[in-house]
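Data first, discussion second: the structure below is written as C-alpha cells.
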Amino acid sequence: MTGAALAAVAVGVILEDVPVFAAGGGVLALLILFAVLGGKRRPAGGEPPVGRLALARIEDLRATGGESADVPVKFRLTVAPDPEDARPAYRVKITQHINLVDLPAYRPRGIAVVEYRPDKPWDVRIVTRPTPEWSRRAEEAEIDSAPDSTLVSNPDVDEGSWCLLVLLAFLAGAVLVVLLFRGPLFTAVNDEDTPPDSPSTSSSSSRTFTTSTTVSGPSSSLLTFGRMRATAMELESRVETAYVTEVTIEDRRMAVSGDSTRPPTETFHLQSLPYELLPALVREARTTLGVRTPETWRIDITPPSGDGVGPRVRITVTGPEGTAHLDADATGRVVERRGVGEGG
C-alpha cells in the first residue's frame, strides 16, 4: 500500500491529475497515522536480562565518534561461554560506549570479560570493571578465534529476508499503479525533454595510503587531553583499514600511513595506541634529556621490530643544544633514553 500510494502521488504530479494525487496522498497519510498509533500501543520491554560472565577474544574494534569522554566502539568478539551452557565459542558484533581513558586496554587479539545471556547469545556487553578474579582470568586466558560461520545476530532485527519481502511488496504496489496509468503516463514522459545521463565515475585504489590533518582553534595542541585520540578517529574514518604502518604526531599535525600488502605482524591498529599516555612522555622528553630550550617535538610510531610485541614509540625533541629522543613501548613504558650528544 505504501508503494502504491507513493506511486499514485508521483503519477498525479506528472499527469497533473488532482484526484489521483489526492487519493495517493490520503492513503499515505492514513498509513503514517496507523504507524504512529501502533507505535504508541507497543508494549514496554520485558524483564531485564539475566546475564552470565565469560571471557571473549577481541577480533577487531573501531571507534565511531569522539565528541565526549565516552565514545561508541564497534567490537567483533569471539565469546567463550560458560561450560554449563554446553555451547561452543561463537562470534558476535556489538557496539558499546567506552571511556577514552579505558580504551587503550582493549586491543585486537586481547581478552576481555563480557556478560552474555544464554537464551540470547547476541546480547553481549563488555564488563569494564571486572572483579579481580575475572581480571586475573582474562590476563591468563588464551582463546582461539571462532570461524565467521558462528556469527550470531538478533533474529528480531535481521534485515535479510524481511527487507527483501518489504522491498518486493513496495515495488509491486508501485508497479501496479504505474501499469494502470501506463498509457497517459508514458505519453507525457515522451513529450518532455529527457536530460542526458550523468557520466559515470570510477575510482581506483592503491596498495599504500597516507592521510594527515592539522588541528586549529583554542587548545589546538595535540597535547590537550583527548585530542590525539579524537584526531586519530578522524583519520581512521578516511582510510579503508585501521591497520597502519606509521603514525607521526607533531604539536598541531597528525599523519598516518599504511600498506595493504604488509602482513599483520608488520602493522598495528590505529586505536590500540596509548594516546592518553603520550603527552606525559613528551613532557618527560622535553625536560630530562638535556634540551634546556626545546623548540619542536615529534612522535613517530612504527610496527614492532625483532622480538617486539607492540608498536615502537619514539619521541624526538630538538632545541639549540641539539636533538634527543626517548623510546617507549605500546604500554607507554620508557625503554631507552638518548640525551643530547649521546648519538643514536
- Query: If only atom types and distance count, is the side chain of Y116 paired as donor or acceptor with the main-chain N or O of D82 below 3.5 Å?
  - Reply: yes
- Taken to the nearest 0.5 Å, the spacing of L53 CG from R125 CZ works out to 8.5 Å
- Any chance you could lay out the side chain to side chain contact (heavy atoms under 4.5 Å, CB included) test for L55 and V113, step after step, and finish with the verdict? CA-CA 5 Å; L55 298 178; V113 181; 3.9 Å; yes
- Hey, is CZ on R292 packed in by over 12 heavy atoms from elsewhere, all under 6.0 Å? no
- Item | Result of checking I301, L270, L273 against V244 for side-chain contact (heavy atoms from CB on, under 4.5 Å) | L270
- Determine yes or no for a side-chain-to-main-chain donor-acceptor pair under 3.5 angstrom, with R286 supplying the side chain and V291 the backbone. no
- Evaluate side-chain hydrogen bond (donor to acceptor under 3.5 Å, both in side chains) for S145 paired with R57, printing each intermediate quantity in order. CA-CA 7 Å; S145 297; R57 172 188 171 99; 2.9 Å; yes
- Query: Does Y90 use its side chain to pair, donor to acceptor, with the backbone of P121 at less than 3.5 Å?
  - Reply: yes
- Query: Any sub-3.5 Å donor-acceptor pair from T64's side-chain atoms to P72's backbone N or O?
  - Reply: yes
- What distance separates L176 CG from L171 CG, expressed to the nearest 0.5 Å? 12.5 Å
- Task: Would you give the length of the straight line joining atom CD of Q96 to atom CG of D70, rounded to the nearest 0.5 angstrom?
- Result: 10.0 Å
- Indicate yes or no for a side-chain donor-acceptor contact from R76 to the backbone of D60 under 3.5 Å, with no hydrogens or angles considered. no
- Any donor-acceptor N/O pair, R91 side chain to A146 backbone, under 3.5 Å: yes
- Message: Count I, L, V, M, F, W, Y as connected when their side-chain heavy atoms are under 4.5 Å apart, and connections chain through other members. Are I126 and L100 then in the same cluster?
- Response: yes
- Query: Is E295 atom CD crowded by more than 12 heavy atoms from other residues, nucleotides or ligands, each under 6.0 Å away?
  - Reply: yes
- Can you get from L289 to V334 by hopping between Ile, Leu, Val, Met, Phe, Trp and Tyr side chains that sit under 4.5 Å apart? yes
- Task: Report yes or no: do E266 and T245 form a side-chain donor-acceptor pair below 3.5 Å?
- Result: no
- Item | Single-linkage hydrophobic cluster, 4.5 Å side-chain cutoff, V152 and I143 together | no
- T208 and D259: side-chain donor and acceptor closer than 3.5 Å? no
- Task: Taking the side chain as every heavy atom from C-beta outward, state whether I58 and L77 have any atom pair closer than 4.5 Å.
- Result: yes
- Message: What's the separation between atom CG in L151 and atom NZ in K93, rounded to the nearest 0.5 Å?
- Response: 6.0 Å
